[in-house]
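None of the values given here were measured: they were computed from a predicted structure. We use all heavy atoms of the structure for the numbers below, so side chains are in, but hydrogens, waters and symmetry mates are not.
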Amino acid sequence: MHWADYTAQTLKERGDIHVCASGITPSGEFHIGHIREILSAEMIHRACLDLGLESKYIFIVDSMDPLRRVYDFLSSDYEKYIGVPLAFIPAPDENGNPTQGDLNYAEYFLKPFLLSLEKIGVKPEVVMNHEVYEQGKFAEKIDIAINKKNEIKTIIENISGRELPVDWFPYSPIGSNGSMDGVEVINYEKPYVYWIDENGVEGKSDINKAEGKLPWRIDWAARWAIHGITSEPAGKDHGSAGGSYDTGIPICKLLGGEPPSKMVYEWIQIKGMGPMSSSKGVTIGPVEALELVPPEILRYSIARSKVNRHIDFDTGNTLFEMADEYERILSEASKKIEGELSRRQEIARKTNNGALRLSQINRGDDPKNSWAGVSFRHLALLAQIKSEDSEVWESLRKSGHLEKSPTTALEERLERMRSWINGPHFPEDSKIEIQKVISEKAKQNITEEQKNFLIKLKNRLEKCEWDDNSINNQIRNTAKEVEITIKDAFVAIYWLLIDKNNGPRIVSIISELERIEVVDLFETISNTEN
RNA sequence: GGGCCUGUAGCUUAGUCAGGUAGAGCGACGGGCUUUUAACCCGUCGGCCGCGGGUUCGAAUCCCGUCAGGCCCGCCA
């Protein structure tokens with residue numbers, strides 16, 4: 001059974017109404033790791049619906065979280081905003097300077113991310129956390145937290161093993177300069193928290209407004225209660241013993257809520273580069289990813305892995321494998337079952353089908369409609385030697401991959417394939433560049449005998465039938481005639497045509513090219529000294 | 001120091017929650033397509049399931065121990 005279905009089944013025991021949630025702090029560019037946060041919850045949500053439960057999916061944006069420090073992509077002008085909630089800070093421009101517009105910092109980073117989510121079919125109910133504070137929905141929980149300050153302190157200290165300062169207070173008010181840093185609480189009289197900030201200014205914060213916030217560990221527990229969250233997968237940073245999930249559970253109960261059961265997902269890493277980190281520039285943005293990877297396959301990359309396994313996000317060779325795996329599972333799903341399946345095969349099939357189902361952009365879409373019918377590898381090959389899409393379709397019809405017109409799924413694949421090929425992530429060894437003239441490297445690698453062969457071959461290619469069969473025959477016959485091995489003959493052609501000593505079946509490539517193009521290239525070899 | 005996760009074929013892994021003869025993909029190798037490498041098709045090889053103990057008629061699966069790798073433990077999610 002797929003992990004999302006399994007989770008949904010577990011949730012069913014708890015009740016019939018569910019709220020699945022994700023929470024992310026918009027402190028910088030969103031990256032592919034955040035997609036896992038989102039999709040883990042969203043897939044559970046879909047699985048709940050598929051199980052006949054009532055469910056909604058909310059995406060809580062931690063817009064009330066303060067700016068921690070001046071990140072590398074920000075100018076030093078942001079110094080003054082440290083400690084200020086992200087919703088109350090102006091968005092940066094492309095140079096990292098604060099802008100004058102209406103857009104705040106949180107929205108600035110959120111907006112493009114939401115667009116990407118739309119493309120992968122995620123339609124969350126977006127909750128801006130600072131608005132929840134503004135609406136006074138946190139007030140009751142803040143009041144309880146302050147009244148039960150010592151109990152909460154004990155929970156945090158016992159479970160996390162961390163010692164809190166003597167003047168610790170379960171609410172951080174915003175001081176006179178807008179920052180929560182260095183503000184000391186001096187009194188609480190519902191609904192006001194009285195404080196003195198680092199400039200010596202005194203003031204009060206109304207807990208019914210966004211004039212301060214709960215510290216993270218309590219904030220999280222409080223929102224479970226406020227929104228009635230029943231499922232919130234969290235990154236493994238929260239999952240370790242004594243982490244915020246562990247303290248959140250008893251705190252949530254203390255605040256009168258029923259916490260979700262703990263679920264921890266592993267992180268996505270970029271292959272060979274360790275964990276995703278905005279500050280180190282080790283990121284692939286969802287926007288960038290979606291330019292390369294079809295949306296259902298991006299979803300599949302999350303759906304196929306169990307939550308507790310880390311994912312190596314790799315835009316190189318493994319992308320070929322993953323995309324082809326998607327196609328394969330898809331075609332297996334529609335195959336008729338022959339004979340009895342063993343229990344294990346049954347499980348595998350169910351899991352795969354679950355992954356396919358949850359990978360669809362729109363819930364309920366038939367996975368079969370996303371079938372492209374061509375492997376990524378083959379498409380990559382064609383996309384590189386055919387500049388016009390129509391030529392690609394023509395070739396696919398010839399090879400029997402395509403009957404009539406390409407499906408939308410296939411058209412979109414080709415479009416992304418082209419941006420993948422032209423971008424920096426396409427694997428070097430999969431690149432095929434048809435040469436216009438013989439390269440220096442090729443000259444050095446081609447012997448005198450091979451050169452003779454190529455010149456002879458050119459003459460024949462000028463007039464032979466232009467199909468795989470006769471081109472191949474010309475090559476073999478010519479090789480025989482000049483007495484070089486078939487292998488040497490092909491190696492020479494590879495060097496001339498693609499500047500490498502091997503590659504895909506070269507005859508097929510030649511026949512896909514225009515005769516004139518090939519002959520012109522062959523022409524350039526006769527002018528070389530060896 | 002505390003804890004989490006992972007360890008199954010060369011590589012990526014399924015199967016572990018519900019114990020019942022170890023599955024798949026890729027790669028490699030071989031073959032087919034009058035063709036030779038990365039399009040298509042078929043086949044073969046390949047696993048003391050990290051190691052040691054225990055429970056059981058039976059363990060990859062449960063229990064204990066052990067080793068190895070990855071990761072988390074600041075109001076950073």
Side-chain angles (χ1 to χ4, degrees), chain A residues 1 3 6 10 22-28 33-34 37 62 65-66 68-69 71 83 156 160-162 164 168 170 172 180-181 213-220 234-246 262 264-267 269 274-275 277-279 304-310 312 314 317-318 320-322 324-325 328-329 332 341-349 351-352 374-382 395-396 398-401 429-430 432 468-473 475-476 479 485-491 493-494 500-509 512:
Chain A
M1 191 184 296
W3 53 262
Y6 180 71
T10 312
S22 308
I24 303 176
T25 304
S27 56
H34 292 125
E37 161 84 34
D62 290 316
D65 283 17
R68 300 284 170 211
R69 59 186 176 85
Y71 301 108
I156 294 177
S160 77
R162 188 151 36 98
L164 295 173
W168 180 83
S172 309
M180 293 185 272
D181 286 1
K213 78 180 286 283
L214 292 166
W216 162 245
R217 283 177 188 254
I218 308 170
D219 182 296
W220 200 20
K236 64 167 172 196
D237 45 342
H238 298 296
S240 45
S244 44
Y245 224 124
D246 287 353
K262 185 170 173 178
V264 177
Y265 64 84
E266 255 286 351
W267 284 359
Q269 312 196 346
S277 163
S278 318
S279 55
R304 72 196 278 268
S305 306
K306 296 199 292 187
V307 281
N308 60 0
R309 305 202 68 124
H310 92 252
D312 272 327
D314 179 11
N317 281 314
T318 42
F320 281 119
E321 282 159 34
M322 194 172 60
D324 292 345
E325 177 183 297
R328 183 169 43 79
I329 289 176
E332 269 167 21
L341 286 177
S342 71
R343 182 169 156 273
R344 284 187 189 127
Q345 287 172 313
E346 189 63 46
I347 289 170
R349 197 183 162 85
T351 308
N352 287 341
V374 189
S375 76
F376 248 48
R377 273 229 139 71
H378 189 184
L379 197 59
L381 178 72
L382 292 177
S395 167
L396 286 177
K398 254 167 61 184
S399 60
H401 288 90
D429 56 5
S430 295
I432 294 163
D468 282 25
N469 228 333
S470 42
I471 293 171
N472 184 54
N473 285 336
I475 294 172
R476 306 188 112 234
T485 65
I486 300 285
K487 187 183 162 85
D488 285 343
F490 275 93
V491 167
I493 299 174
Y494 279 114
K500 291 179 179 180
N501 75 349
N502 63 5
R505 291 174 180 256
I506 199 74
V507 172
S508 318
I509 292 180
E512 295 286 2

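Separating the P atom of G46(B) from that of U55(B) is a span of 34 Å, rounded to the nearest Å. The P atoms of U44(B) and G25(B) are separated by 11 Å, rounded to the nearest whole Å. Taking atom P on both nucleotides, G43(B) is separated from A24(B) by 11 Å, rounded to a whole Å. The separation of U16(B) from C11(B), taken at their P atoms, amounts to 23 Å, rounded to a whole angstrom. Using C1' as the reference atom, A14(B) and G23(B) are 7 Å apart when rounded to the nearest Å. When the P atom is used for both G74(B) and U13(B), the distance is 29 Å, rounded to whole Å. To the nearest whole angstrom, the two C1' atoms, one in G70(B) and one in A59(B), are 27 Å apart. A distance of about 15 Å separates the P atoms of U61(B) and A18(B), rounded to the whole Å.
Here the CG atom belonging to Leu382(A) is positioned 9.5 Å from the CD1 atom belonging to Ile509(A), to the nearest 0.5 angstrom. One distance of note links CH2 of Trp267(A) with CD of Glu37(A); it measures 11.0 Å at 0.5 Å rounding. To the nearest 0.5 angstrom, Met322(A) atom CE is 6.0 Å from Arg304(A) atom CZ. One finds the CD1 atom of Ile506(A) at 8.0 Å from the CD1 atom of Ile432(A) (value rounded to the nearest 0.5 Å). For the atom pair Arg68(A) CZ and Thr25(A) OG1, the distance stands at 7.5 Å (nearest 0.5 Å). If you take NZ on Lys306(A) and OG1 on Thr351(A), they are separated by 9.5 Å, rounding to the nearest 0.5 Å.
For the pair Trp3(A) (side chain) and Ser305(A) (backbone), a donor-acceptor distance under 3.5 Å is present. The closest donor-acceptor contact from the side chain of Ser172(A) to the backbone of Leu214(A) lies at 3.5 Å or more, if one exists at all.
Per the geometry, CG belonging to Asp62(A) stands 11 Å off P belonging to C76(B), to the nearest Å. One atom, CZ of Arg377(A), and another, P of G25(B), lie 16 Å apart when rounded to the nearest Å. Here the C1' atom of nucleotide A24(B) and the CE atom of Met322(A) are 17 Å apart, to the nearest Å. Rounded to whole Å, atom C1' of G27(B) lies 14 Å from atom CG of Asp324(A). At whole-Å resolution of the value, CZ in Phe376(A) and P in C40(B) are 14 Å apart. We find that CH2 of Trp216(A) is positioned 13 Å from P of C73(B), with the value rounded to whole Å.
Residue-level contact check: Tyr494(A) touches the bases, meaning some heavy atom is under 4.0 Å from a base atom. Heavy atoms of Val491(A) sit under 4.0 angstrom from at least one base atom.
What you find for Pro170(A) and Pro215(A) is that their closest heavy atoms are O-CD, 3.3 Å.
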Q) Starting at the 5' end of RNA chain B, what dot-bracket string do you get if Watson-Crick and G-U pairs under 3.5 Å are bracketed, crossing pairs use [ ], other-strand pairs use | and unpaired bases use dots? A) (((((((..((((......[..)))).(((((.......))))).....(((((..]....))))))))))))....
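Taking the side chain of Phe490(A) as heavy atoms from C-beta on, and the options C40(B), C75(B), U37(B), the nearest nucleotide is U37(B). Looking at the side chain of Ile432(A), the nearest of the listed nucleotides C17(B), A38(B), A77(B) is A38(B). Counting only heavy atoms from C-beta on, Lys500(A) has its side chain closest to A38(B) among A38(B), A24(B), C76(B). Comparing A77(B), U37(B), A38(B) by their nearest atom to the side chain of His238(A) picks out A77(B).
Below 30°, between 30° and 60°, or above 60°: for Phe320(A) and Phe376(A) the angle between ring planes is above 60°, a perpendicular geometry.
Ion pairing of Arg377(A) with Asp324(A) is absent here, as no side-chain N (NZ or NE/NH1/NH2) approaches a carboxylate O to less than 4.0 Å.
Applying the 4.0 Å criterion to OP1 and OP2 of A77(B), one finds that Arg68(A) has a side-chain N or O inside that range. A close approach under 4.0 Å does occur between a side-chain nitrogen or oxygen of Asn308(A) and OP1 or OP2 of U6(B). In this structure, Thr351(A) does not reach the A14(B) phosphate: none of its side-chain N or O atoms is under 4.0 Å from OP1 or OP2.
Side-chain contact between Arg69(A) and Tyr71(A) is present, with at least one heavy-atom pair separated by less than 4.5 Å. Contact annotation: the side chain of Trp220(A) never approaches that of Asp62(A) to less than 4.5 Å [non-hydrogen atoms, C-beta and beyond].
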Do any N or O atoms of the protein come closer than 3.5 Å to N or O atoms of nucleotides 1-4 of chain B, and which pairs are they?
residue : atom : partner   : partner atom : Å
G3(B)   : O2'  : Ala241(A) : N            : 3.3

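Each of His378(A) and Arg328(A) was matched to the nucleotide of RNA chain B holding its nearest heavy atom; the match closer to the 5' end belongs to Arg328(A). The 5' end of RNA chain B is approached more closely, in terms of each residue's nearest nucleotide, by Ile475(A) than by the other of Ser395(A) and Ile475(A).
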Q) Just by protein heavy atoms under 4.0 Å, how would nucleotides 8-13 of chain B read 5' to 3' in B, S and -? A) -----S
